[in-house]
Amino acid sequence: MRGTSKKSAFRIIAHLDMDAFFASIEERDNERFKGLPIVVGADPEGGKGRGVVSTANYKAREYGIRSALPISRAWEYSEKARKEGKLPAVFLGVNMRRYSEVSRNIMAIVRQYAKECEQASVDEMYLDLSYLGSFEKAKKIGEAIKKEIRDRENLSCSMGIGSNKLIAKIASDYKKPDGLTMVRESEAEAFLEPMGIRKIPGIGPKTEAVLNKKNITLVGDIKKYSLGELRDMLGKFGAELYGRARGLDDSPVVEEYETKSIGEQETFAKDTHDAAFVSERMNALCNSVFKSFQGSEFGHFRTIAITVRFSDFETKSRAHTLSKDANDITTLEFEALKLLLPFFDSRENPKHKEIRLVGVRIEKLEECVLSL
Ligand code: TTP
Ligand code: MG
């Protein structure tokens, strides 16, 4: 959504992101893990595990362990460290229920400081602090929020303050952990120019490769190209990038209807082509998701989404939104299977790759409302 009327208005936006969120909670709650390298994610199974790292604390990051790394690799890095006489990492499973609870507490603290807040993920939030009228005041509020989170939750976060969401987000990542970076509008372009292009939200490995081919490695390099040239290179996103490289972003902080979803995924012990097996696992996941749904405060779902990861880690998601709300397992299983079937033939799997992981998720959840 683009706010046209807000385009030229003076704004102060803050972005807050918790530090090593899942791992910090584990470290906080378990005296015996204090100061140790911690990895939260799939079971490493002594190096044979096939899932990935959700996150690692900063101590474990010193070993090269980070989000989305195969857990087997994380295990290798930890073993290597151990052989060098360093502390091996503590590997822990994901306790999402607890992290969501902490997330809710933190978001409630943050919401006291601004009327307009937007939760962007489990551990990040944007706040519109324009009402304060000055960056100096915004910085004081930023410090107060950090202190309150520290005092009440015993966790650290990093914050960025800027003239829009784009700058605020990049600034919060600038000094991690426990940082506070403020970038005024007049400083924004100089702040961005020396950064690697991956710092711009929306530039992933594929876009990076396209841009690298043109010798574009820093944000400043993007500015050497015209709007038309960037559009030729990257289509619609090219036009978007033209603005982002200049620190422009007029998207408002929107108190969105929280996109709640319930989902699960499973990495197979062995990559497979076996359609019957994969369908059976998908059904089992549907049943498990349905149980969580029944135990939740929600009464209906509208969207069913599946994820399939191939042996080379290529990952595809497909979703279907129903024409009306549903609340039954049959619909869930049927729609999930319908989305899955094209992955067994050339429609979604033209190279006939083996499947490594499948997942299912229900979205657009609605709370039970009593109707008269
Ligand atoms: P992030 O904010 O990206 O990471 P982080 O909070 O662990 O570390 P940082 O200090 O760099 O902000 O993600 C928040 C949480 O989301 C993270 O603790 C775990 C989860 N997560 C995953 O499960 N998988 C992922 O690939 C990523 C990036 C995050
Ligand atoms: Mg974080």
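None of the values given here were measured: they were computed from a predicted structure. Read the numbers this way: they start at 1 and go in the same order the structure lists the ligands and their atoms.
Counting non-hydrogen atoms of neighbouring residues, nucleotides and ligands closer than 6.0 angstrom, the CD atom of E185 reaches no more than 12 such neighbours. Other residues, nucleotides and ligands contribute over 12 non-hydrogen atoms within 6.0 Å of the NZ atom of K34.
T321 and T303 form a side-chain donor-acceptor contact under 3.5 Å, judged by distance and modelled atom types alone.
Here the straight-line distance linking atom CG of L357 with atom CZ of R281 works out to 12.0 Å at 0.5 Å rounding.
Connectivity analysis of hydrophobic side chains (ILVMFWY, heavy atoms under 4.5 Å, direct or indirect) links V219 to L166, I167, I170, Y174, V183, F191, L192, M195, I197, I200, I203, V210, L211, I216, I222, Y225, L227, L230, M233, L234, F237, L241, Y242.
Closer than 4.0 angstrom to ligand 1 sit non-hydrogen atoms from D17, M18, D19, A20, F21, F22, S54, T55, Y58, R61, S67, D123, K176.
Around the Mg ion (ligand 2), the protein contributes the following N, O or S atoms at distances under 2.8 Å: D17 OD1, M18 O, D123 OD2.
The shortest distance between side-chain heavy atoms of I362 and F290 does not fall below 4.5 Å. Considering only heavy atoms from C-beta on, Y63 comes within 4.5 Å of K86 through its side chain.
At least one donor-acceptor pair closer than 3.5 Å links the side chain of R61 to the backbone N or O of A56.
For residues 204-213, every residue pair satisfying the side chain to side chain donor-acceptor pair (under 3.5 Å) rule, not counting sequence neighbours, is listed here: R198-E208.
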